[in-house]
Each structure stands twice: as structure tokens, then as C-alpha cells.
Amino acid sequence: MTPSSFLTARRGLTLLASCLVFATACQSTSDDTVTPANDTTVPEVYKKIYGASDIYIEGTNVVIKTTSLPDHKSPYYKGTKWESSLYEAYNGTNTRFAINPNTISQINLTFKIPLNPTVDAAHASTPGGPTGVSVNGVPFFNQYAAMNSPLTNEINGFDQYGGHPQQQGLYHYHLEPFYLTTKKGKDALMGFLLDGFPVYGPVENGKTITNADLDKYHGHTHATTDFPNGIYHYHITAEDPYISGSGFYGKAGTVTQ
């Protein structure tokens with residue numbers, strides 16, 4: 001082995017060691033921002049997706065890879081390899097809570113969302129699966145249960161942090177991710193939908209947002225802390241449809257497993 005190849009191999013091992021954190025994510029533990037492994041040109045706002053295992057630019061898209069594992073405790077960690085550190089019995093406020101039979105699994109997802117989102121004249125319907133990604137890497141789902149049914153009954157299976165796993169074990173949020181709004185603040189960036197437009201919490205400029213403040217896609221346009229020049233953005237509300245409305249505002253990217 002030549003001296004140069006030895007140094008290259010040593011650097012590779014050092015990088016590998018630095019990435020052996022929870023869910024194999026290369027991420028900071030000091031300020032909840034991810035350090036992209038593949039591309040240093042990722043805009044700062046996407047580095048707020050601290051639950052990503054990798055983030056990089058690919059053509060006109062931002063690629064965000066996640067394990068989908070929530071970084072908070074849940075009753076749905078019972079019976080999993082993470083039970084000893086992440087299981088927590090339900091301690092929320094829903095007196096009708098009934099745990100569903102599913103448990104959390106690691107399901108690796110790759111989101112490819114537009115770096116420069118644009119309006120979609122067709123406003124395509126949101127799918128019955130991941131519609132976006134939250135800052136802790138957990139996917140967002142739309143306002144429906146299976147077969148486009150209302151969440152009326154399914155909502156009673158949401159844990160104290162507002163999420164639950166589906167049959168394959170994919171944990172997700174249909175409504176406010178209470179762990180994130182508590183940790184980051186109710187006015188903070190919560191993530192991005194597949195169309196590349198950001199999702200913010202239920203408070204803006206000190207006011208709790210309601211559906212009446214938003215259009216039918218569940219958003220509006222003006223400056224935000226992260227986008228001082230203005231951008232269309234979604235808001236989480238306490239009312240159906242919770243995160244997104246009757247379709248994507250912009251042209252949606254893709255998500256693959």
C-alpha cells in the first residue's frame with residue numbers, strides 16, 4: 001500500500017466511525033442539524049432535518065434519506081430491539097387511546113424533493129403513504145386512514161407524540177408531531193412536503209393558525225424565518241386536514257423505500 005492510499009483508507013475509516021450514531025445517521029448532537037455526508041452545497045434550511053441519515057443535491061432535487069425511526073419514546077417500541085431505551089407506556093390525554101397491534105420497524109426511505117419548488121396547476125392529490133418528511137426523519141401522512149377513510153377511529157391509536165406505525169411498522173404523523181412542537185416550538189419548521197414547500201407548526205407571529213387562515217391546500221405565502229424573501233408554506237392545525245389539504249400546492253417529488 002502506498003503512503004497516499006494508506007492515508008485515504010485511514011480517512012475513510014475515520015469518517016465511518018464518526019457516522020456510527022443512532023440509526024446510522026451522520027448528524028450533529030449539539031444543535032440538531034445534520035451534517036450531510038455527500039454534499040456540502042446543501043442549503044442550510046435542509047440541514048434542520050436532523051433525523052436524516054444523509055442529505056445531498058442530485059440535479060434539481062434535494063435527496064433526503066431517513067430510517068423513519070422516531071427519536072422520541074413510544075408505546076409502539078414495545079417488543080422491538082429498541083424497547084429498553086425507547087419504550088414508554090401511553091401517558092397522553094386521549095381517554096379513548098387503544099394501542100394498535102403494530103410495532104415500530106426501521107424502514108429506510110429516500111425522499112427526492114424539488115430544490116426550487118413550483119406551483120402545480122393540477123394540484124395532484126396526496127398519496128396514501130408518505131407525503132413529506134419531518135425534521136426528525138419521520139414521514140408525514142395525509143388526513144386519511146386506509147382507503148381514504150376519516151381518521152375518526154384511527155386517531156385513538158396515536159401515541160402521546162401524535163404518531164403510530166402502520167402494518168409494516170412505518171411510524172408516521174397524520175397531525176401535529178407534539179414531540180417536535182414541544183422541542184422546537186409551535187412556530188418552528190416541522191419539515192417539508194414532497195413538493196418541496198416547507199411545513200410549519202400551528203403558531204405564526206404569536207397567533208394559533210386555523211383552517212380559516214389558509215387556502216384549500218392548507219398553506220399561504222409570505223416571509224418566514226427560514227425564507228425571508230417569502231415562500232408558500234403549509235401550517236399544521238388542530239383541525240382536519242391537519243397538515244395538508246385537498247392536494248399538493250406544488251409539483252411533488254418522489255419517495256422510495
Side-chain angles (χ1 to χ4, degrees), residues 51 66-107 109 126-191 193 199-204 207-214 218-219 234-246:
T66 79
T67 64
S68 309
L69 293 169
D71 58 333
H72 54 72
K73 295 183 177 183
S74 172
Y76 292 107
Y77 270 120
K78 188 175 182 62
T80 73
K81 63 182 179 181
W82 306 283
E83 179 177 352
S84 61
S85 59
L86 289 171
Y87 168 74
E88 179 180 78
Y90 182 76
N91 56 17
T93 60
N94 183 2
T95 57
R96 296 184 177 182
F97 174 75
I99 196 165
N100 74 34
N102 308 321
T103 56
I104 295 172
S105 296
Q106 178 174 327
I107 296 181
L109 297 177
T126 53
T131 60
V133 58
S134 64
V135 294
N136 66 347
V138 170
F140 292 127
F141 274 36
N142 66 18
Q143 69 270 39
Y144 300 113
M147 307 299 292
N148 287 332
S149 301
L151 290 174
T152 309
N153 294 320
E154 188 167 298
I155 204 168
N156 291 323
F158 295 171
D159 66 21
Q160 53 267 45
Y161 298 109
H164 71 160
Q166 38 83 296
Q167 284 184 321
Q168 289 73 36
L170 179 62
Y171 187 89
H172 56 279
Y173 303 121
H174 289 272
L175 41 71
E176 180 179 344
F178 299 110
Y179 174 78
L180 293 177
T181 52
T182 299
K183 181 179 181 180
K184 298 291 187 180
K186 286 185 174 287
D187 58 350
L189 178 73
M190 293 288 107
L193 288 196
V199 179
Y200 282 88
V203 172
E204 186 171 69
K207 174 188 175 182
T208 297
I209 299 297
T210 68
N211 289 352
D213 299 308
L214 307 172
H218 221 233
Y234 300 95
H235 274 284
I236 294 170
T237 65
E239 313 150 289
D240 185 304
Y242 308 112
I243 297 174
S244 58
S246 60

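All residue numbers refer to positions in the sequence shown, counting from 1.
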N/O donor-acceptor pair under 3.5 Å between [X] side chain and [Y] backbone:
X: T182; Y: F178; value: yes
X: T67; Y: Q106; value: no
X: N102; Y: P165; value: yes

If I take atom [atom1] from residue [X] and atom [atom2] from residue [Y], how far apart are they, to the nearest 0.5 angstrom?
X: L69; Y: W82; atom1: CG; atom2: CH2; result: 4.5 Å
X: D159; Y: N94; atom1: CG; atom2: CG; result: 11.0 Å
X: I155; Y: R96; atom1: CD1; atom2: CZ; result: 11.0 Å
X: K73; Y: S85; atom1: NZ; atom2: OG; result: 8.0 Å
X: N211; Y: H235; atom1: CG; atom2: NE2; result: 12.0 Å
X: N100; Y: F158; atom1: CG; atom2: CZ; result: 9.5 Å

For [X], give me all partners under side-chain contact (heavy atoms from CB on, under 4.5 Å), at least two apart in sequence or on another chain.
X: S105; answer: I107
X: T103; answer: T80
X: D240; answer: Q143, Y242
X: Q166; answer: Q168, L170, H172

Query raised in the report: Going through the distances and angles, do I236 and I243 end up as a side chain to side chain contact (heavy atoms under 4.5 Å, CB included)?
Result: CA-CA 5 Å; I236 294 170; I243 297 174; 4.0 Å; yes
Query raised in the report: Side chains of K183 and D71: does their closest heavy-atom pair fall under 4.5 Å?
Result: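 The answer is yes; the side chains approach within 4.5 Å.
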Query raised in the report: Heavy-atom distance under 4.5 Å between the side chains of F141 and P130, does that happen here?
Result: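 They are in contact (side-chain heavy atoms under 4.5 Å apart), so the answer is yes.
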Please report the closest heavy-atom contact between [X] and [Y], naming both atoms and the distance.
X: A89; Y: Q160; result: O-NE2, 3.0 Å
X: S244; Y: L193; result: CB-CD1, 3.6 Å
X: L151; Y: A145; result: CD2-N, 3.6 Å
X: S134; Y: V138; result: OG-O, 2.6 Å

Query raised in the report: Any idea how Y179 and H72 line up, ring-wise: parallel (<30°), tilted (30 to 60°), or perpendicular (>60°)?
Result: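 Y179 vs H72 ring planes: tilted.
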Any residue meeting side-chain hydrogen bond (donor to acceptor under 3.5 Å, both in side chains) with [X], in chain and number order, not counting sequence neighbours:
X: K207; value: D213
X: E154; value: H164, H174
X: Y234; value: D195
X: T126; value: N142

Query raised in the report: ring pair (Phe, Tyr, Trp, His ring centres under 6.0 Å) with F97: which residues, sequence neighbours excluded?
Result: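 With neighbours one apart ignored, the set is Y90.
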Query raised in the report: Quick one: ring pair (Phe, Tyr, Trp, His ring centres under 6.0 Å) partners of Y173, sequence neighbours excluded?
Result: Y171
Query raised in the report: Is there a side chain to side chain contact (heavy atoms under 4.5 Å, CB included) between V133 and T66 once you walk through the steps?
Result: CA-CA 9 Å; V133 58; T66 79; 4.0 Å; yes
**Report entry** Residues in salt bridge (Lys or Arg N to Asp or Glu O under 4.0 Å) contact with K186, at least two apart in sequence or another chain
**Finding:**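 Here the qualifying residues are E176.
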Query - Counterpart residues, salt bridge (Lys or Arg N to Asp or Glu O under 4.0 Å), relative to E83 (two or more places apart) - result: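 Listed in chain order: K78.
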**Report entry** Name of the residue among L86, L180, I104 meeting side chain to side chain contact (heavy atoms under 4.5 Å, CB included) with P70
**Finding:**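 Answer after filtering L86, L180, I104: I104.
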